[in-house]
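We name chains A, B, ... by the order of the sequence lines, and we start the count at 1 in each one. Computed from heavy atoms alone, side chains included, the values below leave out hydrogens, waters and symmetry copies.
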Amino acid sequence: MTSADRSFPPVRTLIAVADARYGGSMDTQYIPKNVESKWQNNWQETQAFRVSEDSDKPKYYLLEMFPYPSGRIHMGHVRNYAIGDVVARFKRMQGFNVLHPMGWDAFGMPAENAAIEHGTHPAKWTYENIASMRTQLKRIGLSYDWEREFATCDADYYRWEQLIFLKMLEKGLAYKKGSSVNWCEDCQTVLANEQVEDGCCWRCHNEVEPKQLEQWFFKITDYADELLDWADKLSGWPERVLAMQRNWIGKSYGCEIEFPIVNRDDKIKVFTTRPDTLFGATFMSLAPEHPLAAGLVSDERKAEVDAFIAEVARQDKVDRTSGELEKKGVFTGSYAVNPVNGEEIPIFLANFVLMDYGTGAVMAVPAHDQRDFEFARKYELPIRIVIQPAGDALVGSELEEAYTGPGLLVNSSQFDGVENEAAKEQIAEFLDQRGEGRKTINYRLRDWGVSRQRYWGTPIPVVYCDSCGIVPVPEADLPVLLPTDVELTGEGGSPLARHEEFMRVACPKCGQQARRESDTFDTFVESSWYFARYACPAYTGGPLDREAANYWLPVDQYIGGIEHAVMHLLYARFYTKVLRDLGMLDVDEPFTNLLTQGMVCKETQRCREHGWLYPEEVVDGCCTHCSKPVELGRTEKMSKSKKNVIDPNQLIDQFGADTARLFSLFAAPPEKDLEWNEQGVEGCSRFLGRIWRAVADNIELISGAEIPTEVDGEAADLKRKIHQTIKKVTEDVDGRFHFNTAIAAVMELVNAIYSFKSASENPGVMREALETVVRLLNPFVPHICEELWAQLGHEQSVEVAGWPGWDEEALIADSVTLVIQVNGKVRGKISLAVDAAREAIEAAALKEPNVQRFITDKQVRKIIVVPGRLINIVVS
RNA sequence: GCGAGAGUGGCGGAAUUGGUAGACGCGCUAGAUUUAGGAUCUAGUGUCCCGUGGCGUGGGGGUUCGAGUCCCCCCUCUCGCACCA
């Protein structure tokens, strides 16, 4: 790739303009406050970041995960949006038509809780928070197209979500069923499986309990295979996110086998991935909640079994699935028949069998499954070897642990001697022919439960009629508006259910009095398609203007936190495929590239008497309340509870947005955790002051200077450094997101500017150096760069000037320093002409006095010359 | 247990294909300037005896002229999943 295609604008004419605007002088002191408000106003007035589809430039859609409008931005937001803004500004300077929108994930519980606590209406609370956060975001100087902003609680947004739901209902992708769901008593609502972490609510960490309820579900399981297959094609995603999603989908190949129950006209279905071990099944284990469990219990065993069921029910889900739990069970008194050998095996209930995986029933093969093995030993059940590893002869009674490796089948009648992998197929085939089983694929993934028993969300647009049953709200009647006059007390279930006027509705089908659905959607539904709506936020003809959506989508780069690896990112992928299949969109996947940024961390500080302390409560290592020395704690994610937080607003007041951005980008690469450090912030502030002074000190000197193409001596070195820096920064930013090293490279260039002694003889090169610094840093610290660019005499925004290209010619040095090694150890350095012949290089290296010391009296066996780098003299 | 990633100065972090380990910043030391400064500038700063030099990227082995980087074994840490049948 060559460069220099974007040459610097003719300097003299622009200087005249600059003189007119600035009178040829500039403040010697950098005052961020003045600079930043000036340029923020300028961007707003000129609508600098507005985009539309009608452009000759290639499109680039950059998106950061939109925030929940809590009312205050935190450092995590600053980091996330600073990273995004670098990419947006960089791509724009590179000549892309960049869509960079922002909006609000505005439905959700905090608004409702605020209403319950303080009596403010969720809508008022939310929109006021949005207004305040918008102001805060604008202070960071982010280059959003604010014209596209929307909040998901806008009826103009959620009405289309309701329409998509109706279409999903038509296609059978949305359905209602009664089942055991995850109930969070604290949040007074149901949660999807993805939203339960270690048995606790992802939001409030309260323990989740099972509850039998009728709920709406989205058929994400229909897309399990596609979601899984595409996980292999998303090369722009971090491997760990894909791994988490694959894991969550949990596809496993196996066999469903039916075991008739002795003396009953019923069968128990089990799922197994090991049909090859079927002849080794010596008992069966059922989940205590299994629907057949109660019916299987003989009278004399009833008391014992009931006690066991009650005991398991008392255990919470965390313990139940911990793996540490002792395997326990109880015999039901009933027997099942192994379909392949007619053997009658006892049926147990076991605490480790989960109702929500597979069929809730397991054929137990103790010889070849560790859990069954432990269970069998405890209850003295037979252990029968059916797979023998090569060169070994296992004996069931002598086994110390289950054998799960490969081998040949034994004790398996007609399958004896078959290799076990092949036997999986053969036994499945055998069962299938006899109608006793079939090959199946089992998924861990469950359908997405989307009903929420809360007020502040999108109303689910259906009506319940005594005669007609579930009736969808006709499209023409959308939106089903969320009523504003509700009473929020936090008690007595969903507030909507108590709202008579909302609930009472005529059945759209028969006209009889009916009632509305009082549940609202999970707020993850809104965030599953907002990125598509940004393509056409004002479109009134449907959820998506297909043309606009197809122009912008997919999102080229998505940036956000890892905490959404499974929830939001899986739902958004699912929704994209649904929208595609509904004919609203033509893309398969929403996000081509994903960057998951690390957390913002800070050291914690604690006073023995006053507990955790905010940074401002500590002066000279002592607590401001009691003057006792403060204990330093671990570096942890910034959180209010540990008080190790930095308020972005205060930070910007003190140092300016550019410094806040610069530190967020410089202190660590984006995907790693960032450790906040006050002195590091000061260092960044100092660096900006250094650039400002470099321009101010030279502004008169370089006024009117042309950028030369041919220079020599020290000026040639500086010119080479300029172009090396352009190359380095371009390569670091473009696709690699190595912002920290890109900034370091510019710092080196600034250091070179300070060391440049012959500026007065070479004002043109000085100009080139300063202008390059400004252009390269613009994506990182745009306010100061816009200001300096104007001070340097340019009329238009530095973004218009574009991203600088490098000149390959300027990279070439006349001479090059080569390291001389003897046996791989550095013994000297020589400077030689770039085009020096190999013989000359070798000769020069051997002549070096210090090299001589290490090779005299030795035999030179070999000389390795790595052009431009080093010479290694091998001696013995 | 499975999966992903990491281990480099006092600290945050560099080293893109095997080629000068420690770029850049913080901190620290000294000097200059200043009424003073937590401002600015200059120089130094992995470690070991002063220096020529020796040692040094979690530990041990290997490949190579040459290894932070490649291969084998081991240790530690972080994150995710986990009685998944």
For A:Ser755 and A:Glu675, find the nucleotide of RNA chain B closest to each by heavy atoms; which residue's nucleotide sits nearer the 5' end?
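The 5'-side residue here is A:Glu675.
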Do [X] side-chain atoms and [Y] backbone N/O form a donor-acceptor pair below 3.5 Å?
| X | Y | value |
| --- | --- | --- |
| A:Thr741 | A:His738 | yes |
| A:Tyr30 | A:Arg690 | no |
| A:Arg661 | A:Phe780 | yes |
| A:Asn677 | A:Gly680 | yes |
| A:Asn872 | A:Gly824 | yes |
| A:Arg79 | A:Pro670 | yes |
| A:Lys757 | A:Ser755 | yes |
| A:Asn420 | A:Ala423 | no |
| A:His368 | A:Tyr403 | yes |

Which residues within residues 237-246 of chain A lie with some heavy atom under 4.0 Å of an atom in RNA chain B?
A:Arg240, A:Ala243, A:Met244
Can you check the distance between [N] and [M], where both ends of the measurement are the [atom1] atom (answer in whole Å)?
| N | M | atom1 | value |
| --- | --- | --- | --- |
| B:A4 | B:G38 | C1' | 44 Å |
| B:G46 | B:U20 | C1' | 15 Å |
| B:C50 | B:G58 | P | 29 Å |
| B:A85 | B:C75 | C1' | 34 Å |
| B:C84 | B:C24 | C1' | 49 Å |
| B:A23 | B:A15 | C1' | 8 Å |
| B:G19 | B:A67 | C1' | 10 Å |
| B:C48 | B:G31 | P | 23 Å |

Given A:Arg693 and A:Gln29, is the side-chain hydrogen bond (donor to acceptor under 3.5 Å, both in side chains) satisfied, shown in steps?
CA-CA 7 Å; A:Arg693 282 189 304 277; A:Gln29 213 195 337; over 6 Å; no
In B/S/- notation (B base, S sugar-phosphate only, - none; protein heavy atoms under 4.0 Å), nucleotides 20-34 of chain B written 5' to 3' is B--BBSSS-------
What is the distance, rounded to the nearest whole Å, between atom [atom1] of [X] and atom [atom2] of [N]?
| X | N | atom1 | atom2 | value |
| --- | --- | --- | --- | --- |
| A:Leu594 | B:A4 | CG | P | 18 Å |
| A:Gln370 | B:A82 | CD | C1' | 15 Å |
| A:Arg736 | B:A15 | CZ | C1' | 10 Å |
| A:Asp369 | B:G1 | CG | P | 17 Å |
| A:Ile841 | B:G19 | CD1 | P | 18 Å |
| A:Asn442 | B:C84 | CG | P | 13 Å |
| A:Lys672 | B:G7 | NZ | C1' | 10 Å |
| A:Asp356 | B:C83 | CG | C1' | 13 Å |

Answer with base, sugar-phosphate or nothing: what part of the nucleic acid does [X] contact at a heavy-atom distance below 4.0 Å?
| X | result |
| --- | --- |
| A:Val362 | base |
| A:Lys728 | base |
| A:Asp372 | nothing |

Hey, do the aromatic rings of A:Phe348 and A:Phe375 have their centres closer than 6.0 Å?
yes
Test of ring centre spacing under 6.0 Å for A:Phe666 and A:Phe687:
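Ring-ring flag for A:Phe666/A:Phe687: false, centres at least 6.0 Å apart.
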OP1 or OP2 of [N] under 4.0 Å from side-chain N/O of [X]:
| X | N | value |
| --- | --- | --- |
| A:Lys825 | B:G66 | no |
| A:Arg444 | B:A85 | no |
| A:Lys862 | B:C65 | yes |
| A:Arg827 | B:G54 | yes |

Per the O4'-C1'-N9-C4 / O4'-C1'-N1-C2 angle with a 90° window around 0, B:G31 comes out anti
Identify the stems formed by RNA chain B, where each pair is Watson-Crick or G-U wobble with both distances under 3.5 angstrom and a stem is at least 3 consecutive pairs.
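Correct response: B:1-7 with B:75-81, B:10-12 with B:24-26, B:27-32 with B:40-45, B:46-48 with B:53-55, B:58-62 with B:70-74.
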Among B:G66, B:G53, B:C83, the one nearest any side-chain atom of A:Phe854 is B:G53
Taking atom CD of A:Glu636 and atom CG of A:Asn644, what is their separation to the nearest 0.5 Å?
7.0 Å
Parallel, tilted or perpendicular for A:His564 and A:His568, by the 30°/60° rule?
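Perpendicular.
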